[in-house]
2 protein chains.
Amino acid sequence: MDEFEIISVAIVEDDTEIRQILSLIVDRSPGYSCKQSFSDCESALDGIRKDPPDVVLMDIGLPRMSGIDGVRALKEKLPETDFIMLTIQDDDDSVFNSLCAGATGYLLKDTPPTELLHSIREVRKGGSPMSPNIARKIVGSFRRAPESPLTSRESEILDKLCNGDNYKTIATSLFISGNTVRAHIKAIYRKLHVTSRAQAVRTAISKKLI
Amino acid sequence: MDEFEIISVAIVEDDTEIRQILSLIVDRSPGYSCKQSFSDCESALDGIRKDPPDVVLMDIGLPRMSGIDGVRALKEKLPETDFIMLTIQDDDDSVFNSLCAGATGYLLKDTPPTELLHSIREVRKGGSPMSPNIARKIVGSFRRAPESPLTSRESEILDKLCNGDNYKTIATSLFISGNTVRAHIKAIYRKLHVTSRAQAVRTAISKKLI
DNA sequence: AGGACAATTACCCAAATGGGTAATTTTGTT
DNA sequence: AACAAAATTACCCATTTGGGTAATTGTCCT
């Protein structure tokens, strides 16, 4: 993807006015082309494969199939295409599910046209354009939970639990008895509302306790 | 943090020349101030608390304590300060460990001065400035592994395993016998090189198999 | 000094798990 | 049709796990 190649863009957006405006902005800008736009994922799935675009701008709140499921389905067929979510949704679920579904960028609809065009260029150059607070949200997801319901000893044991250590191994490595380990693990289960190691590991990871 | 407030910046960078150039770039730019710069984390830890800066530009490859450990230590003391890694390291470990340690931005050293200043402003406005390929790396980390050593049935069972389901529950929900579930789980353990549910869950999540 | 919380240890017992082995059926591909 | 891979089922047995209950010791803060 060199610097001056024309980038073909497709748009999936149910609001007719917004769709037309976006289409115009992109198509009228030098270096960009927008020949396809769709009002829902179903027609996009149908029409987009004839002439795969370089980049798809995808809304989330669409009738029937959501933009997130749309990305999942389209990315399957067009792995070379970059998908940028362009939406008003800024909740965690929308953001993380979009990325898991295969979106490479995530912009909010208040993104000014210049930024939007720059983002389309950037995603083709190997970047991942994101609105600032979206980027912050994503980066923040790598932090450990600031407050844990567990005591420090319990956290220590949870950590070993996640490594797959059994009672004896944990007991030996902490120089305490197996019974004590069990007592701590019971406390951990109670606090995390789980009843097995597998659930404890899953919860520990998803709640960023370790 | 309003638009026109002067942002105070501190720099931790062992290369004297780079440190001085960075310091000059920041300090000479309107709206920015750089009154503190350090050649290692130890002196930064010592000197930075007197006058906590808004933003710290942190190198990674430093003598003794690495910039990553430096961020962890400093962020503890100065939770309001934003840390931007400014480094040549672009490997996965450096990136993800930095974010886990508390960095909010991650820039490569080839970032032009204008971009750098813009990034400092952006991090204060609630964003997370990242070099394009770093952003892509981070976003990519949310995708599921494209290829799994497991068969589709095994993946299905691994998924339920991660939910904490036991043999019977899995068997019932898949309309197969508990013995079959066990057979699949044995195959999963063999392929993932684990010997327990806890390890299987951890591996499944870390390798993005689910 | 007292109270709250954390850490430690112990025991009983039912249920679940993990390893080994073996065989049949289904499915997919050449 | 033939072969390979996957899915299915079964049984034996030792080990581990999870739930319940109870008690002692240490530490921190009021």
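Below, read A as the first sequence line, B as the second, and so on, with proteins coming before strands; counting in each chain starts at 1.
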**OP:** Examine C/dA6: is either OP1 or OP2 under 4.0 Å from a nitrogen or oxygen in the side chain of A/Ser152? Give yes or no.
**Re:** no
Subject >> Charged N-O contact under 4.0 Å between B/Lys75 and B/Glu80 >> reply: no
Original post:
Would you say D/dG18 has OP1 or OP2 under 4.0 Å from some side-chain N or O of A/Tyr167?
Top reply: yes
Subject >> Below 4.0 Å: OP1/OP2 of D/dT9 and any side-chain N or O of B/Thr180 >> reply: yes
**OP:** Determine the minimum heavy-atom distance between B/Ala44 and B/Leu74, stating which atoms define it.
**Re:** O-CD2, 4.3 Å
Original post:
Within less than 4.0 Å of OP1 or OP2 of D/dT17, is there a side-chain N or O belonging to A/Ser196?
Top reply: no
Original post:
Mapping B/Ala183 and A/Phe175 to their closest nucleotides on DNA chain C, which lands nearer the 5' end?
Top reply: A/Phe175
Original post:
Any side-chain N or O of A/Asn179 less than 4.0 Å from the OP1 or OP2 oxygen of C/dA10?
Top reply: yes
Subject >> Rounded (10°) bend between the five-pair end axes of the helix from C/dA1-D/dT30 to C/dT30-D/dA1 >> reply: 60°
**OP:** Determine, stepwise, if the pair A/Gln199 / A/Thr195 fulfils side-chain hydrogen bond (donor to acceptor under 3.5 Å, both in side chains).
**Re:** CA-CA 7 Å; A/Gln199 290 175 329; A/Thr195 56; 3.2 Å; yes
Subject >> Note: B/Asp59-B/Arg19 ion pair, threshold 4.0 Å (strictly below) >> reply: no
Original post:
Roughly, in whole Å, what's the span from NZ in B/Lys168 to C1' in D/dT17?
Top reply: 15 Å
Original post:
Are OP1 or OP2 of D/dT17 and a side-chain N or O of B/Arg197 less than 4.0 angstrom apart?
Top reply: no
Subject >> Per B/Lys186 side chain, nearest of listed nucleotides C/dT21, D/dA7, C/dT17 >> reply: C/dT21
Original post:
Considering heavy-atom distances to DNA chain C, does B/Ile185 or A/Arg182 have its closest nucleotide positioned more toward the 5' end?
Top reply: A/Arg182
Subject >> Salt-bridge present (A/Glu122, A/Lys125; N to O < 4.0 Å) >> reply: no
Subject >> A/Leu192 CG to D/dG18 P, straight-line distance once rounded to whole Å >> reply: 13 Å
Original post:
Could you state the CD1-P distance from A/Ile176 to D/dT24, rounded to the nearest angstrom?
Top reply: 20 Å
